[in-house]
Protein chains: 2
Amino acid sequence: MEKIISIIEAKSCPIHFVLAVNDTLNVISGKWKLPIIGSLLFDKRRFTEIQRNIPKITPRMLSKELKDLELNGMVIRKVFDTTPVSVEYELSDSGKSIADVLDKMLEWGIKHRESTISRS
Amino acid sequence: MEKIISIIEAKSCPIHFVLAVNDTLNVISGKWKLPIIGSLLFDKRRFTEIQRNIPKITPRMLSKELKDLELNGMVIRKVFDTTPVSVEYELSDSGKSIADVLDKMLEWGIKHRESTISRS
DNA sequence: TATAGCGGTATACTTTGGTATATCGCGGAT
DNA sequence: ATCCGCGATATACCAAAGTATACCGCTATA
């Protein structure tokens, strides 16, 4: 209830509109966020698996971006008490739900590309 | 027809998925893109109007970002043959249609914020 | 004992993005 | 004549984002 009201409010107020969209934007912007999220959308993965999945990323960036995503509540880091310890990264429920948003972005991107190509 | 196939294809291939979403992301990322698009979503505006709408933007950045958006096919720049010339910026049809995407982002952003606040 | 894989961190550097401040040509109003 | 608003551009600078390269402690395997 309150959720819906605040969404409606945010959509109708230019300032809140920009702020709320920006929140989402901040979660997924940066050179490596999408590749990482993309990798985790299919399955949970370990650090080195993600690294192999995204050949050009350095461990420094992967580490930093995973921390960002964890802080944002996108990713859950699970440490297993094996010897040596193993670590798994997976998307939170909220993280998984961003797939719908990304789908919309993909669709718009492809349509937009077509509409601008046909103009040129 | 072909459109739908390529969207389906893009969604099913991790590499194309990331690339296509990134296309959209590139159009709206940067500190001032959303405020500018937000301003133009409500109505077409002149340079100085946008500037007044976004108090802290410098003319240098406004000029640069408007050029970017124009190049991307988001914004149409119309020069009127008045004396002195007046210039109007408005969203293209494709540009206007990004509102749906932004709405989705807004909704996700608000829900995500609630779900991560309630966890903490 | 040496080597390789895991899950990273440390330091230094370059590149990109954004800011600050000043200025421009034009024309209309005072 | 002078100042103001419009629609910008030029130059210099600063900060954030990303890269390159080396290394760490741990353990299993050869």
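Just so we're on the same page: letters track the sequence lines, and every chain starts at 1. Basis for what follows: all heavy atoms, side chains included, without hydrogens, waters or symmetry-related copies. Predicted model, so just to flag it, every value in this text is computed and none were measured.
- Note: A/K64 NZ to A/L62 CG = 11.5 Å, rounded to the nearest 0.5 Å.
- Atom CG in B/N72 sits 6.5 Å away from atom NZ in B/K33 (nearest 0.5 Å).
- For residues 70-78 of chain B, proximity to DNA chain C is found at no residue, defined as any non-hydrogen atom under 4.0 angstrom from a strand atom.
- Heavy atoms of A/K56 sit nowhere under 4.0 angstrom from any nucleic acid atom.
- We find that CG of B/D68 is positioned 9 Å from P of C/dG18, with the value rounded to whole Å.
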Go through the steps for B/L19 and B/I15 under the test side-chain contact (heavy atoms from CB on, under 4.5 Å), then give the verdict. CA-CA 6 Å; B/L19 287 176; B/I15 293 171; 4.1 Å; yes

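- The shortest side-chain heavy-atom distance between A/S97 and B/H112 does not fall under the 4.5 Å cut-off.
- Toward the 5′ end of DNA chain C lies the nearest nucleotide of B/E65, the other residue of the pair B/E65 and B/P59 mapping further downstream.
- Separation of atoms OG1 (B/T58) and CD (B/E65) is listed at 9.5 Å; rounding is to 0.5 Å.
- Between B/D100 and A/W108, the closest side-chain pair of non-hydrogen atoms is not below 4.5 Å.
- Near DNA chain C, meaning a heavy atom under 4.0 Å from it, residues 23-54 of chain A has A/R46, A/F47, A/T48, A/R52 in order of number.
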Apply side-chain contact (heavy atoms from CB on, under 4.5 Å) to B/V87 and B/Y89, showing your working. CA-CA 7 Å; B/V87 182; B/Y89 294 91; 3.8 Å; yes

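- Salt-bridge annotation for B/E88 and B/R45: absent, with no side-chain N of the basic residue lying under 4.0 Å from a carboxylate O of the acidic one.
- Atom CG of A/L106 and atom CG of B/L25 lie 12.0 Å apart (nearest 0.5 Å).
- In the 5' to 3' direction, nucleotides of DNA chain D lying under 4.0 Å from heavy atoms of chain A begin and end at D/dG18 to D/dA28.
- To the nearest angstrom, P of C/dC13 lies 19 Å from CE of A/M61.
- At least one side-chain nitrogen or oxygen of A/Y89 sits closer than 4.0 Å to the OP1 or OP2 atom of C/dG8.
- Here C/dG7 presents its C1' atom at 15 Å from CZ of A/F80, a figure rounded to the nearest Å.
- Donor-acceptor pairing under 3.5 Å, judged by distance alone, is absent between the side chain of B/R60 and the base of C/dT21.
- Placement of B/L41 and B/W32 within a single hydrophobic cluster is found when ILVMFWY residues are connected by side-chain heavy-atom separations under 4.5 Å, directly or transitively.
- Here the CD1 atom belonging to A/I54 is positioned 11.5 Å from the NZ atom belonging to A/K31, to the nearest 0.5 angstrom.
- Both A/T83 and A/K64 sit near DNA chain D, but only A/K64 has its closest nucleotide nearer the 5' end.
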